[in-house]
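First the proteins, then the strands, lettered A, B, ... as listed; each starts at 1.
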Amino acid sequence: MTEQKLTIHNTLSRKKEEFNPIHPPHVGLYVCGPTVYGDPHLGHARPAITFDLLFRYLKHLGYKVRYVRNITDVGHLENDADEGDDKIAKKARLDELEPMEIVQYYTLRYQRAMDSLNVQPPSIEPRASGHIIEQIELIKKILEHGYAYVVNGSVYFDVEAYSKKYQYGKLSGRVLDDLQANTRNLDGQSDKRNPFDFALWKKAAPEHIMRWKAHISYKSGEKYKNGQAKKRSFTSLGFPGWHLECSAMSTKYLGETFDIHGGGMDLMFPHHECEIAQNVAADGKEAVRYWMHNNMITINGQKMGKSLGNFITLEQLFTGSHQLLQQAYSPMTIRFFILQAHYRSTLDFSNEALQAAEKGMQRLLKAVETLDKLKPSDKSTINVAELEKACFDALNDDLNSPIAISVLFDGVRAINSVNEGKEQISAADLERMKLLYHSVVFDILGICNEKTESGNNQLTADLIDFILNLRKQAKANKDFDTSDRIRNELTRLGVVVKDTKDGFEWEIG
RNA sequence: GGUACCAUGGCCGAGUGGCUAGGCAGCGGUCUGCAAAACCGUGUACAGCAGUUCGACUCUGCUUGGUACCUCCA
């Protein structure tokens, strides 16, 4: 369909690169999912929708994609100090619930929100807690290769040792010396040799409610006099470090090397940096070919984040129940809003911007409906091929959805002009146009028409049609008192009446 | 403090060394009993200063302002 190939921006090289999968037609895609200890918010929607677009587009291009998006349900600490709390354990303690109750509750809330945003479920959605064994195996390998050390039952990654051979910080552009100088050291509390070391396994205090027994035996670097490697072993009741889960699960489901790893830009350091280090330390090679990072959503120019307390949950957005919101915004409005900005730009939230997105999307969807009503002519005065090319060129250019959408809007004007008889379209071009809009709008951008599915059943629809036909009669008889009364009453009941050339339209608003 | 990034018309938001992105709002028009809706048309903006260039919003330097990461965050 297109001559141009898909290029994607690789964070590693900071350049757009042509996308070539390792084992075509298969593509392995891993994206960092949520830590399920709170309601999903607008920030969660961005990576989900960004990588949903990628997922959908790769499939459109004919690739067979295995998309893995994890659920973090253990190991994500409140802070990096040794006394750091596990987020889920903490929430569980506060609410007097089993940690897995918290996990279950928020996982379902997340999935439901993603569903309403028309985000397709990933192929595999693994949980960290279900992969403790894999994570312990990984720790063992890293210990045997000499890039980790054991202190008081906890295991830490030895960044300094790793840096002698490999470049720690290459993804985020950080230099070890800077890290050394600038990392906060919480005085004396730490078992770590260096403040920038990170935990692979944390020994848990007895009151810690989420912990697993790890029995780790490994060949240490030390040797007996006869040359045999000394074996060491220890048992520790604890839990895995946050960064470990993604390394373990991506390797398990996508292999030691795979194509694309995505996530929010805020995860670049330290999370993804640590992930690279863990994979290299364990297997001697980097796992990921292309790193993709979406930018943040801002609110009044400031990052929206859980820790900043300025986030809006998706439910609040859908229902309009937040002091910053002037109205409710439908899931599709949110989706369209996010797609109207490029995924690597920050996107500023405002009521005005969301309202603009809402109206724009309605215009686009209306035109897609109009497309089905168009009458073909002998020839075309509009260039569908050019439109199509511009649209796919944009998508191929690092998923430039805002440009693709702007091209679609050019087409909207053409569609409306044909409808008004100002332009003409041939039967073949009309088919091509329909195919283009259906595949780009519905399949790739994943926009669906929400209007039709609101709770109005057939009886209601028939009744409203009946009443409006009475009004139409009244109008024909110039009985405007009656016609206005009907319109006003329907408006009061929430039915928006729109007069058209040959009759009326209505919708429940 | 260190390291990045950004600065575009009323708002959101693309992009480029010379040729109008797009959406929303506004304005003008078509339609209409009125209104609404819908549709059509319409806007030369690119933080400031200096430099490179035939030509810069786009390249370079400086200034100012802002943001992010360095601690958990999508």
Distances for protein N or O near nucleotides 58-60 of chain B N or O, under 3.5 Å:
none

### Task
Summarise protein proximity over nucleotides 9-14 of chain B in one line of letters, 5' to 3': B for base, S for sugar-phosphate only, - for none, counting protein heavy atoms closer than 4.0 Å.
--SSSS
### Task
Using the C1' atom on both, measure rC39(B) against rA4(B) and round to a whole Å.
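Each nucleotide's C1' atom is 47 Å from the other's.
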### Query
Expressed in whole Å, how much space separates the P atoms belonging to rU30(B) and rA35(B)?
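That atom pair is separated by 13 Å.
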### Message
Treating Gln278(A) as the side-chain partner and His243(A) as the backbone partner, does any N or O pair qualify as donor plus acceptor under 3.5 Å?
### Response
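Side chain of Gln278(A) to backbone of His243(A): a pair is present.
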What nucleotide, of [options], holds the atom closest to the side chain of [X]?
X	options	result
Lys498(A)	rG33(B), rU67(B), rA36(B)	rA36(B)
Lys303(A)	rC72(B), rC34(B), rA68(B)	rA68(B)
Pro47(A)	rU67(B), rG41(B), rA74(B)	rA74(B)

### Query
Taking RNA chain B as the partner, which of residues 482-492 of chain A come within under 4.0 angstrom of it by heavy atom?
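Heavy-atom cutoff 4.0 Å gives Ser483(A), Asp484(A), Arg487(A).
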### Task
Would you jot down, in residue-number order, the residues of residues 416-425 of chain A having a non-hydrogen atom under 4.0 Å from RNA chain B?
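RNA chain B contact set from residues 416-425 of chain A: Asn416(A), Glu420(A), Lys422(A).
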#### Entry: Integer-rounded Å distance: rA74(B) P and Asn310(A) CG
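Atom-to-atom, Asn310(A) to rA74(B), this comes out as 13 Å.
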### Between rC72(B) (P) and Met268(A) (CE): distance, integer Å
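These atoms are roughly 15 Å apart.
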### Presence of Arg69(A) side-chain N/O under 4.0 Å of rA74(B) phosphate oxygens OP1/OP2
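It does not, given that no N or O in the side chain of Arg69(A) lies less than 4.0 Å from OP1 or OP2 of rA74(B).
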#### Entry: Below 4.0 Å: OP1/OP2 of rG23(B) and any side-chain N or O of Arg363(A)
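Affirmative; the distance criterion is met.
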### Message
Which is more 5' along RNA chain B, the nucleotide nearest Ala357(A) or the one nearest Asp499(A)? Just name the residue.
### Response
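The residue whose closest nucleotide sits nearer the 5' end is Ala357(A).
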### Query
Closest nucleotide of RNA chain B for Ala414(A) versus for Met296(A): which of these residues is on the 5' side?
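Its nearest nucleotide lies further toward 5', so the answer is Ala414(A).
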### Query
Under 4.0 Å between a Lys/Arg side-chain N and an Asp/Glu carboxylate O for Arg471(A) and Asp499(A)?
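Yes.
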### Query
Which pairs pass salt bridge (Lys or Arg N to Asp or Glu O under 4.0 Å) with one or both residues in residues 115-124 of chain A, sequence neighbours excluded?
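Not a single pair qualifies under salt bridge (Lys or Arg N to Asp or Glu O under 4.0 Å).
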### Message
For RNA chain B, please output the secondary structure as dot-bracket, reading 5' to 3'. Pairs are Watson-Crick or G-U wobble, both atom distances under 3.5 Å; mark crossing pairs with [ ], other-strand partners with |, unpaired with a dot.
### Response
(((((((..(((.....[...))).(((((.......)))))....(((((..]....))))))))))))....
